[in-house]
Protein chains: 2
Amino acid sequence: MSKTYSISELASEFDVTTRSIRFYEDQELLHPTRRGQTRIYSSKDRVRLKLTLRGKRLGFSLAEIRELFELWDETRSGSEKQLHLMLSKISERKAALEQQMKDITMVQLELESAEIRCRQALEELNEKHPATAK
Amino acid sequence: MSKTYSISELASEFDVTTRSIRFYEDQELLHPTRRGQTRIYSSKDRVRLKLTLRGKRLGFSLAEIRELFELWDETRSGSEKQLHLMLSKISERKAALEQQMKDITMVQLELESAEIRCRQALEELNEKHPATAK
DNA sequence: TCTAAGCTTTACGTTAACGTAAACTTGTTT
DNA sequence: AAACAAGTTTACGTTAACGTAAAGCTTAGA
């Protein structure tokens, strides 16, 4: 009897619209059960929603996210072939994430130096213009 | 007389289509000059293209990237107000990037443990099935 | 002179990821 | 009974970021 959630509970917890959540179901990322016609979300669904949103923030498409979910499900009782496929997908993703880490680091460095140049420009303004006090 | 580039040179160097490069110009991310009707790209344009692609990999929209370029250009001879605006945009971006770093780290951990579980499953298969040699 | 490569503009098509609106059911509160 | 809140389905609309022709210039080479 683990916990369940309504669609609006999940929507407000993760700050997405119910429209999005239904859309994710349509794309087979979530598989809520029903009571009557009302959707009931398990904690597994909740985890999947969380993972979905995280994946999105990382630039994965919904299709890619779905592919990962499916692979993982198939893998859970998988043949050797499935397991190897999963391992190769995993290392694909790992490589992509490492590239992203590098990109982020580069941009962070650029932002740092941009910030420094901004502050210097401000100081120069204040020397010519020591007026605007405090 | 610094170096210049043709559209297809840049396209093949960065592995994008010429269509995309022209589209970026349309969105005012690039500003090549012309010889006759042919576009000539400066090394500044090349840098901007590189930054654009990096920004895209990080999930920025073209509009956001353009906004950053414009802010930076305005800032280069900017008023105090411009400089402060730029600083606040910079810290916005820094915060977003930190969140992304966290996301990546989380996903990397999940991939790690998924990989481990895969390898264990493979070992178990090999114990029941020590056949497929080498 | 013809052709081929590489460039150009113009413009309609496409995909992903929802937004938005309309009309309906179901349960519960006044 | 009436009205409300929260859920549902159906379906058309929207935006971003290009893809994909189609048709025309321009210049080096056979």
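Chain letters run A, B, ... following the sequence lines, proteins first and then strands; every chain starts at 1.
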(request) Can you figure out which of D/dG7, D/dC18, C/dT9 approaches the side chain of B/F23 most closely? (result) D/dC18
(request) Let me know the distance between CD of A/E9 and C1' of D/dG7, rounded to the nearest Å. (result) 13 Å
(request) Nearest whole angstrom, please: distance from the C1' of D/dA6 to the CZ of A/R35. (result) 13 Å
(message) If only side-chain N and O atoms count, and only distance matters, is there a donor-acceptor pair under 3.5 Å linking A/S113 with A/R117?
(response) yes
(message) Just to be sure I understand the rule, does B/S8 reach a base, reach only the sugar-phosphate, or reach nothing, if contact means heavy atoms closer than 4.0 Å?
(response) sugar-phosphate
(message) Without decimals, in angstroms, what is the distance between A/E28 CD and C/dA17 P?
(response) 14 Å
(request) Ignoring backbone atoms, establish whether A/S20 has a side-chain N or O less than 4.0 Å from OP1 or OP2 of C/dG19. (result) yes
(message) Under 4.0 Å, counting only non-hydrogen atoms across every strand here, what does A/S6 touch: a base, just sugar-phosphate, or nothing?
(response) sugar-phosphate
(message) Could you tell me if A/S20 and A/T17 have a donor-acceptor pair between their side chains, going purely by distance under 3.5 Å?
(response) yes
(request) Mark yes when over 12 heavy atoms from residues, nucleotides or ligands other than A/R34 sit less than 6.0 Å from its CZ; otherwise mark no. (result) yes
(message) Tell me whether the count of non-hydrogen atoms from other residues, nucleotides or ligands lying under 6.0 Å of CG in B/D73 goes above 12.
(response) yes
(request) Give, ordered by number, those residues of residues 39-57 of chain B having at least one heavy-atom distance below 4.0 Å to an atom of DNA chain C; if nothing qualifies, reply none. (result) B/R39
(request) Using the ring of A/Y41 (Phe, Tyr or Trp, six-membered ring only), decide whether A/R46 places NZ or CZ under 6.0 Å from its centre and within 45 degrees of its axis. (result) no
(request) Could you check how far CG of B/D26 sits from P of D/dC18, rounded to whole Å? (result) 12 Å
(message) Counting only side-chain heavy atoms from C-beta out, which of C/dG19, D/dG7, C/dC7 sits nearest to A/T17?
(response) C/dG19
(request) Ignoring backbone atoms, test whether A/R19 places a side-chain nitrogen or oxygen under 4.0 Å from the OP1 or OP2 oxygen of C/dT20. (result) no
(request) Taking only Lys NZ, Arg NE, NH1 and NH2, and the carboxylate oxygens of Asp or Glu, determine whether A/E25 and A/R48 approach each other closer than 4.0 Å. (result) no
(request) Could you state the atom-to-atom distance from CZ of B/F60 to P of D/dA16 in whole Å? (result) 17 Å
(request) May I ask you to decide whether B/E98 forms a salt bridge with B/K94, counting only side-chain N to carboxylate O separations under 4.0 Å? (result) no
(request) Could you check how far CZ of B/R66 sits from C1' of D/dA17, rounded to whole Å? (result) 15 Å
(message) In this structure, how many angstroms lie between the P atom of C/dT8 and the CD1 atom of B/I21, rounded?
(response) 10 Å
(request) Provide, to the nearest angstrom, the distance between the CG atom belonging to B/L30 and the P atom belonging to D/dC18. (result) 12 Å
(message) Tell me whether the side-chain N/O atoms of A/Y24 come closer than 4.0 Å to OP1 or OP2 in C/dC18.
(response) yes
(message) The side chain of B/I7 is closest to which nucleotide in this list: D/dA17, C/dC7, C/dG19?
(response) C/dC7
